[in-house]
Number of protein chains: 2
Amino acid sequence: MQVKIKDVAKRAGVSVTTVSRVLNGEKYVKDDLRAKVNRVIEELGYTPSQIARSLVRKKTNLIGVIVPDLTSSFYSTILSSIERVASENEYNLLVCNISEDIDKELKYLNVFQEMRVEGIIIMHEKINEPIRQFIHKIRIPVIFSSVKPMDQSFVSVIVDDYKAAYEATRYLIELGHDAIGFIGGDMRDITSGQNRYSGYRNAMTDQGKKLVYEHIRFGDYKVQSGYDQMKELLRIDNPPTAVFAVSDDMAVGAINCIRDQGLRVPEDISVMGFDGSQLTELVRPALTSMEQPIQEMGQVTMNVLLQQIAGESEQAGDVVLAHRIAVRESCRSIQQ
Amino acid sequence: MQVKIKDVAKRAGVSVTTVSRVLNGEKYVKDDLRAKVNRVIEELGYTPSQIARSLVRKKTNLIGVIVPDLTSSFYSTILSSIERVASENEYNLLVCNISEDIDKELKYLNVFQEMRVEGIIIMHEKINEPIRQFIHKIRIPVIFSSVKPMDQSFVSVIVDDYKAAYEATRYLIELGHDAIGFIGGDMRDITSGQNRYSGYRNAMTDQGKKLVYEHIRFGDYKVQSGYDQMKELLRIDNPPTAVFAVSDDMAVGAINCIRDQGLRVPEDISVMGFDGSQLTELVRPALTSMEQPIQEMGQVTMNVLLQQIAGESEQAGDVVLAHRIAVRESCRSIQQ
DNA sequence: CTGAAAGCGCTTACAG
DNA sequence: CTGAAAGCGCTTACAG
């Protein structure tokens with residue numbers, strides 16, 4: 001049996017109330033009693049139960065986090081920032097990985113509720129109707145990080161994806177490219193699907209560039225799909241001289257495909273990514289990318305959530321963070 | 001206020017015992033009562049408190065996991081497997097990231113104990129004396145994954161690092177290389193430091209190869225250190241024709257360095273990695289690597305821990321998993 | 001400064 | 001099949 005507060009009290013010859021007081025560092029405990037209690041705690045190797053404490057205090061210090069893919073460098077970097085801020089504030093993370101499995105998500109949200117987590121972070125925008133309703137019903141603060149789900153009433157910490165994609169495309173145009181291929185994401189995703197696609201389209205047409213049907217393709221953000229989609233782009237008669245992929249992973253896949261076909265990056269084709277993940281500096285040529293402030297994103301997410309938990313600011317709308325182009329080696333200027 | 005079991009009982013006109021019974025799917029509840037209780041639960045949106053339940057059942061369904069670096073693809077892949085097995089068994093993960101901060105580790109172990117987790121997984125071998133004692137004292141099953149700490153009494157799920165490094169080196173020798181550089185890890189680490197180094201040394205001397213002082217360097221497993229150490233190797237008069245780095249990250253760093261110096265891989269220098277992380281297939285040339293079964297490692301770790309929790313097998317020694325060489329493009333055979 | 005008692009929200013013998 | 005009561009291990013008014 002675990003030793004409990006009662007055992008400590010008995011051995012120290014005081015009441016459990018007193019033991020509880022020294023445990024919680026309250027004053028109004030005479031020094032000699034405090035010393036004795038501490039000695040007994042040490043002797044018995046007593047550790048208070050957070051479970052019991054949570055029950056009476058109605059405070060668990062738990063945050064539930066739902067990650068779409070733990071093995072992704074993008075999400076695990078955000079998670080790592082979240083963890084840092086959480087631990088600085090004495091919060092612990094209950095981490096769930098839902099790999100595309102939307103049923104698992106609902107199950108986990110239920111678990112989170114049963115565990116009485118104080119807040120929930122979701123890095124996933126594919127929410128279905130039951131999940132949407134669940135989030136509305138639940139009285140625990142929920143915040144989305146790096147994604148923006150369909151329901152406008154949910155709060156997200158994101159970059160302006162439309163603007164970021166617009167600027168990325170314009171950057172390629174300014175480099176002299178006319179035919180710019182696009183490897184998009186899932187069009188059901190607002191953030192990384194629709195908004196980035198619109199940004200690309202509008203940048204093209206605003207600068208008087210032709211949108212070419214064959215130059216526009218969609219993947220699933222992962223390396224392999226970047227590779228596959230690039231293969232299709234290379235198959236057409238006049239392939240683009242530059243390609244903008246809406247994730248660094250897809251951009252790396254595209255680069256690999258181009259090189260496996262005997263072409264060079266950026267000499268033959270320029271490639272631009274999106275995200276600013278660790279990969280950008282690992283690959284050769286190093287990847288030019290429209291970067292999200294990944295670390296900051298995790299940090300801000302956790303801070304906003306903390307405020308919501310404290311009941312301070314009812315965070316009206318989304319928090320929009322700054323994006324920026326990180327120029328590396330994968331895009332080059334074209335002579336007119 | 002959260003609705004509680006008492007509210008449900010009152011509204012349904014039954015005792016809390018009965019509500020508890022339908023909640024836990026016990027039989028011996030008349031169908032009409034069960035139906036009524038379920039209806040009220042639905043109406044009131046009642047969710048049972050895991051906290052209260054844990055307190056009385058003395059079972060939290062919580063596993064504590066300590067990860068040295070969440071952003072590392074190696075650890076996050078293991079974590080992802082652990083999560084899958086855990087969730088299949090109704091366990092939830094409390095995840096802590098200790099970035100080199102050994103004090104944070106002790107603090108977290110304490111939190112785990114207070115949270116009454118049922119088991120602890122550690123992916124980190126740099127344990128100091130207080131931590132060592134803590135683990136011995138605590139009456140919660142602890143298991144190490146992918147690492148082997150100094151204390152032989154702790155159980156680990158690992159590969160045979162000595163043998164793996166031996167075979168990796170022998171592979172390069174069989175390819176015809178005489179001068180094989182080595183980029184090792186931290187020599188205070190048994191698994192990835194000492195054992196891999198011994199494997200390299202013995203493979204070299206067993207095959208009659210000369211150990212060259214200048215060919216042996218040590219990094220910290222990360223990309224940048226692979227880059228830096230490779231730079232040193234290239235600085236000497238007769239640089240090695242092949243390099244074995246004890247992590248894929250360092251191998252990638254080495255490749256980048258070699259290429260940034262205007263040399264080619266594998267034409268000028270062959271590079272072999274260790275781990276079998278996702279990176280191996282992302283980079284060009286794709287990285288030949290001594291692979292650990294990363295996914296299986298997480299899975300086995302969780303399964304063994306689950307058995308320990310169930311009190312079934314007292315897992316005597318370590319669990320040693322099979323390694324294998326995955327040949328890709330970064331090593332080539334040398335003409336004698 | 002200290003302690004007896006109630007209560008947090010459940011489950012589990014025990015009795016019927 | 002059902003319910004009253006005790007108890008899980010703490011904290012927190014309340015009284016002294």
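Scope of the values below: all heavy atoms of this structure, side chains included, with no hydrogens, waters or symmetry mates. Throughout, a chain's letter reflects where its sequence line sits, starting with A, and its residues are numbered from 1.
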Rounded distance (Å) that lies between atom P of C:dT11 and atom NZ of B:Lys4
15 Å
Distance only, no hydrogens: is a donor on one side chain within 3.5 Å (strictly under) of an acceptor on the other, for B:Asp151 and B:Ser153?
yes
Whole-Å distance, A:Leu55 CG to C:dT11 C1', equals 13 Å
Between A:Glu26 and B:Val56, just flag the one whose closest nucleotide in DNA chain D comes earlier from the 5' side.
B:Val56
Is B:Thr18 close enough to D:dT2 that one of its side-chain N or O atoms is under 4.0 Å from OP1 or OP2 there?
no
If you only use heavy atoms from C-beta on, which nucleotide in D:dT12, D:dC8, D:dT11 is closest to the side chain of A:Asn24?
D:dT11
B:Leu23 side-chain proximity, nearest of D:dA13, C:dT11, C:dT2:
C:dT11
Over how many whole Å does the gap from A:Lys6 atom NZ to C:dG3 atom P extend?
16 Å
Below 4.0 Å: OP1/OP2 of D:dG3 and any side-chain N or O of B:Ser15:
yes
Kindly point out which of C:dT12, C:dA5, D:dT2 is positioned nearest to the side chain of A:Thr17?
C:dA5
Could you tell me how far apart A:Ile41 (CD1) and D:dC10 (C1') are, to the nearest whole angstrom?
13 Å
Separation of A:Lys59 atom NZ from C:dG9 atom C1', in whole Å?
19 Å
So B:Ser49, base contact, sugar-phosphate only, or nothing? Heavy-atom distance under 4.0 Å.
sugar-phosphate
Quick one: is B:Ser20 getting a side-chain N or O under 4.0 Å of the C:dT11 phosphate, OP1 or OP2?
yes
Quick one: look up who C:dC14 pairs with, Watson-Crick or G-U, both distances under 3.5 Å, and put none if it's unpaired.
D:dG3
Can you tell me how far C1' of C:dC10 sits from CD1 of B:Ile51, to the nearest Å?
11 Å
Could you tell me if A:Gln2 and A:Tyr46 have a donor-acceptor pair between their side chains, going purely by distance under 3.5 Å?
no
Closest-nucleotide mapping onto DNA chain D: is A:Ile5 or B:Val16 further toward the 5' terminus? I mean the 5' end.
B:Val16
Any N or O donor-acceptor pair under 3.5 Å from the base of D:dG3 to the side chain of B:Arg21?
yes
Pairing donors with acceptors under 3.5 angstrom, does anything connect the side chains of A:Lys36 and A:Asn38?
no
Between C1' on D:dG7 and CZ on B:Arg57, what's the gap in Å once rounded to a whole number?
15 Å
Presence of A:Lys58 side-chain N/O under 4.0 Å of C:dG9 phosphate oxygens OP1/OP2
yes
Check the distance between D:dC10's P and B:Arg116's CZ and give it to me in whole angstrom.
6 Å
Fit a plane to each ring of B:Phe154 and B:His136, take the angle between them on a 0 to 90° scale, and name the class: parallel (under 30°), tilted (30 to 60°) or perpendicular (over 60°).
tilted
Check every strand shown and say whether A:Leu33 touches a base, only sugar-phosphate, or nothing at a heavy-atom separation below 4.0 Å.
sugar-phosphate
From B:Asp318, B:Asp189, B:Thr191, residue fulfilling side chain to side chain donor-acceptor pair (under 3.5 Å) relative to B:Lys148:
B:Asp318
State whether B:Tyr46 places a side-chain N or O below 4.0 Å from either non-bridging phosphate oxygen (OP1 or OP2) of C:dC10.
yes
Evaluate whether atom NZ of A:Lys30 has more than 12 neighbouring non-hydrogen atoms of other residues, nucleotides or ligands under 6.0 angstrom away.
no
